[in-house]
Structures are given as structure tokens and as C-alpha cells.
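Structure first, commentary second.
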Amino acid sequence: MTFKDLHIIEPILRAVEEEGYTHPTPIQEQSIPILLKGKDLLGCAQTGTGKTASFAIPILQHIYLDKQQNTGARTIKALIITPTRELAIQIADSFTSYGKHTGIKNTVIFGGVKQGQQTNALRAGVDVLVATPGRLLDLIQQGFITLKHIEYFVLDEADHMLDMGFIHDIKKVIAQLPQRRQSLFFSATMPKSIVELSGKILGNPEKVTIKPQQATAEKVDQALYYVTKPSKTKLLIHLIEEKQAKSTLVFSRTKHGADKIVKILIKAGIKAAAIHGNKAQNARQRALNAFKDGDLAVLVATDIAARGIDVDDLSLVINFDLPNVAETYVHRIGRTGRAKASGIALSFCDAVEKADLKEIEKLIKQKVPVISDHPFAHEGVEQAPMEKKAPQQQRSRHSNSQKNRGGGSGNSNSGGNKRNWKQRR
Ligand code: AMP
């Protein structure tokens, strides 16, 4: 399935393509048609599934099409509430990205900062408002915001909202919304309290559940190779030659790294290509098509570029570098072992990556089996105490991953936040 199959209008389609998305994620495939029909939605899904685009795209499309008919003053037509300022900023960034050819304006409001910039943006007029509950109520009370024109309402991360004690604020917001509206409710978990709350917001919703990715991890045959950084490419060549897989997807943490790996593979006589954000769209597409058609056995990708890869019988995934966000590991290995196929995921771990490995094993609740009899095992990464090997890198990588888990700077719509968000995956 493509975004075009979902009947998305051209200006949004173009923006989505410019983001580098080639295929909708499962939640997008399921939710977009429901939302374009104007129905309410109860979504059981986590951040990281592509949830934001699944609601931002239909909302933008509705507003855009309405605007062709009614050219009145700008009023707030869509309200998205979310528990934290980082999430609010990310969501607003998404609306900006997907809506960049639509002329639809959004702004983001959250507490803990002065309100001047936020009220100025509101005064200038917006169509979409992304907010945390406290600041939203505050600005409503001060008369900067009215909710009477809201047609689309999204409650995001409802379970976190309740955990953070926002229930009363949410009820106050709901009381001010017009009766006639389309409502969306997202939560990663659905305990009784959440189901009750959803009942107060939604009218006869359609339900979409995206299963946690952990389920995938169990289906995939995983193995771990301790190897020094300089020997990684030699081990890669050795494994590609040994496994003789029909299609192998190699993950590199950086674009530069991906290019380097491809160069070395080609030199070793292995046909390979890289896909990442620095490659032109058509070069990426060409490599991807060759990979899908079986003309290219090895594709080297960064995480962002790999999200659109949808190859049914992908037999082997190799994590040349371990990701520094544990969830990404599950996304990566979930690329193999789809449908009936059983997949294999091999991961390299150098001394610096041991902390990342620990996080991954915590998340998937299992130890990745170690293969110790490989030609480059003698270099002894497994035994080496990591602090002695590379204390500086160890620390900085780790603090990076902490930051990526949600410590944005809090500046509205700044480039820095955008980067944080992208890195988070
Ligand atoms: P979310 O779950 O909304 O936080 O999205 C997770 C990440 O996936 C974000 O970095 C998005 O930019 C990215 N993303 C969303 N949809 C797609 C898609 N169809 N293809 C590739 N990346 C996507």
C-alpha cells in the first residue's frame, strides 16, 4: 500500500514524500481511511508507530478541503492535547512538515515558559493548536483561546495524561468543546479508567490496535557477535558470504558509515547500495526497487531511511552498529521474520556499545545469544571492561540516548527539537 492508495490529496502527498516516507506504517494504513470518513477513533498504539502522521494527515486534509469552500477568518479548528511539552513540540513539528504545502497554520503552547510568544502566535491566527492541558486552560481563562470552533479533537497519550494527574484538566477542556466534532483518542494501554474516559469523549468509535513490537522480537532468530570496531567490516563480509541470504539489510547508525560500508562491500565483490537521507529520492527508490526485485542482495540503511522498506521475504538483518535507542532495535529486527517467514537478526557489539546492548536486552526481556566462535572473536571485546576501552565515548553516547528519550529544549518549533525528534527513533 502507498500513501496515494489512501486518497491523500496532492499537497500533503508531496510533503510526505519530501519527508522521505515511501509507505504508510500499519497504524497509518488503518487509521487514515477511518478518519477521512469523519469517524471517531480509539487508537491503542505507542509513540514510534507513526501515530502522529496517522491523525495529522487526515486533519490537515479535512481542514484544507473545508478551506476551499469557506474562506472566513482563521479560527482554531483542531485541538490536540498531549501530556508533555516535548510531545507537543513534536506533534506541532509534524503538522508543520505534513502541512507545508497547504497554508494551514499551527502553533504549540505549553507551560513552564513565558506566555508572550504563544499568545502572539494565537493572535496572528492558527488553524491547529497543539497544547499541554495546564497552559491550555490558563490561556482559555485569560480569553486568548476559544474552543467553540473546534471540529477535530485529539487526546494523545491518554494513559500518561492520567498518570500525570491531568484528569480534571481534561474534563474541563472536554466541557468546552462543541458537541459536533470528530474525536480521536490514543493510549498505549487500555485499563478500565482509560476506557471510561474514552467513553466520555468518543461517540461510537472505530478501534485500531497496533500490537507492541515486542511480539516481533520473539519470532526472530537473534544472535550477537562481540567484535572490535575495526573488524566489523571484515566480519560483515564473512557473514554475508557465509549466510548467502537472498536479501540482507544492514543497519548503520550514520549516513557516512553507510556509505563507507557500501564502498568496502563493493571492493570485496559484494553488490550493495546505501539508502539514507542524503541520497536523492530517485537514487533511493532505484536501490530499493533493485533490492525488492532481488537484483541487489545487500542494502545498507540508516534507521530513518529504512522505515519505508517493506520487503516481504527479507531473510537477514545485520545491525552493523547497535542503535542507541533500544526501541529502534525492535523496529529493525521486525523488518525480518514477517508473515510466515522466520527471520534472522545478527548484531555486532563493540566495547562502546555494551551499554546499548544492556538497554536492548532489558527492553526485549531476553539475552541475545552470543556467537563466540567467529574469526574475529580473538580480539576480546567480550571480556574487556568497557570503561577502560573508551570511557569518553561511552559516556557521551549514553547521555545522548537519555536526551533522545524526551529531554527536548522546550523551545517552540526550533530546528534543535526537530533534530531531537528525528534522532529519537
Ligand atoms: P510517531 O509514532 O508519530 O512519533 O512517529 C515515529 C517516527 O516515524 C517519526 O520520526 C516520523 O517522522 C516517522 N514516520 C512516521 N510515519 C512514517 C512513514 N510512513 N515512513 C517513514 N517514517 C515515518
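Ligands are counted one by one from 1 in listed order, and the atoms in each one are counted from 1 as well.
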Between Gln90 and ligand 1, find which residue part has any heavy-atom pair under 4.0 Å and reply side chain, backbone, both or neither. neither

For His23, the atoms of ligand 1 under 4.0 Å from one of its heavy atoms are 18 (C), 19 (N), 20 (N)

Do Asn289 and Arg286 have a side chain donor and acceptor closer than 3.5 Å? no

Ligand-residue contact atoms, ligand 1 with Lys51, heavy atoms, under 4.0 Å: 1 (P), 2 (O), 3 (O)

Measure from NZ or CZ of Lys232 to the centre of the six-membered ring of Tyr225 and say whether it is under 6.0 Å with the direction within 45° of the ring axis. no

Quick check: does Gly50 get an N/O under 3.5 Å from an N/O on ligand 1? yes

Can you name the nearest heavy-atom pair linking Ser94 to Thr52, along with the distance? OG-CG2, 3.5 Å

Thr52 neighbourhood, listing ligand 1 atoms whose heavy-atom distance to it stays under 4.0 Å: 1 (P), 3 (O), 4 (O)

Report the part of Phe3 in contact with ligand 1, treating N, CA, C, O as backbone and CB onward as side chain, heavy atoms under 4.0 Å; options are side chain, backbone, both, neither. side chain

Please confirm whether Tyr98 comes within less than 3.5 Å of ligand 1 when only nitrogen or oxygen atoms on both sides are compared. no

Do Lys105 and Phe95 touch side chain to side chain, with heavy atoms closer than 4.5 Å? no

May I ask you to check whether Gln28 has an N/O atom sitting below 3.5 Å from an N/O atom of ligand 1? yes

Derivation of the side-chain contact (heavy atoms from CB on, under 4.5 Å) call for Gln28 and Ile57: CA-CA 9 Å; Gln28 291 161 7; Ile57 290 172; 5.7 Å; no

So, is Glu19 polar-close to ligand 1, with some N/O to N/O distance under 3.5 Å? no

Can a donor-acceptor pair be found between the side chains of Asp5 and Thr2 at a distance below 3.5 Å? yes

Indicate the atoms forming the closest heavy-atom contact of Ile32 with Ser54, along with that distance. CG1-O, 3.8 Å

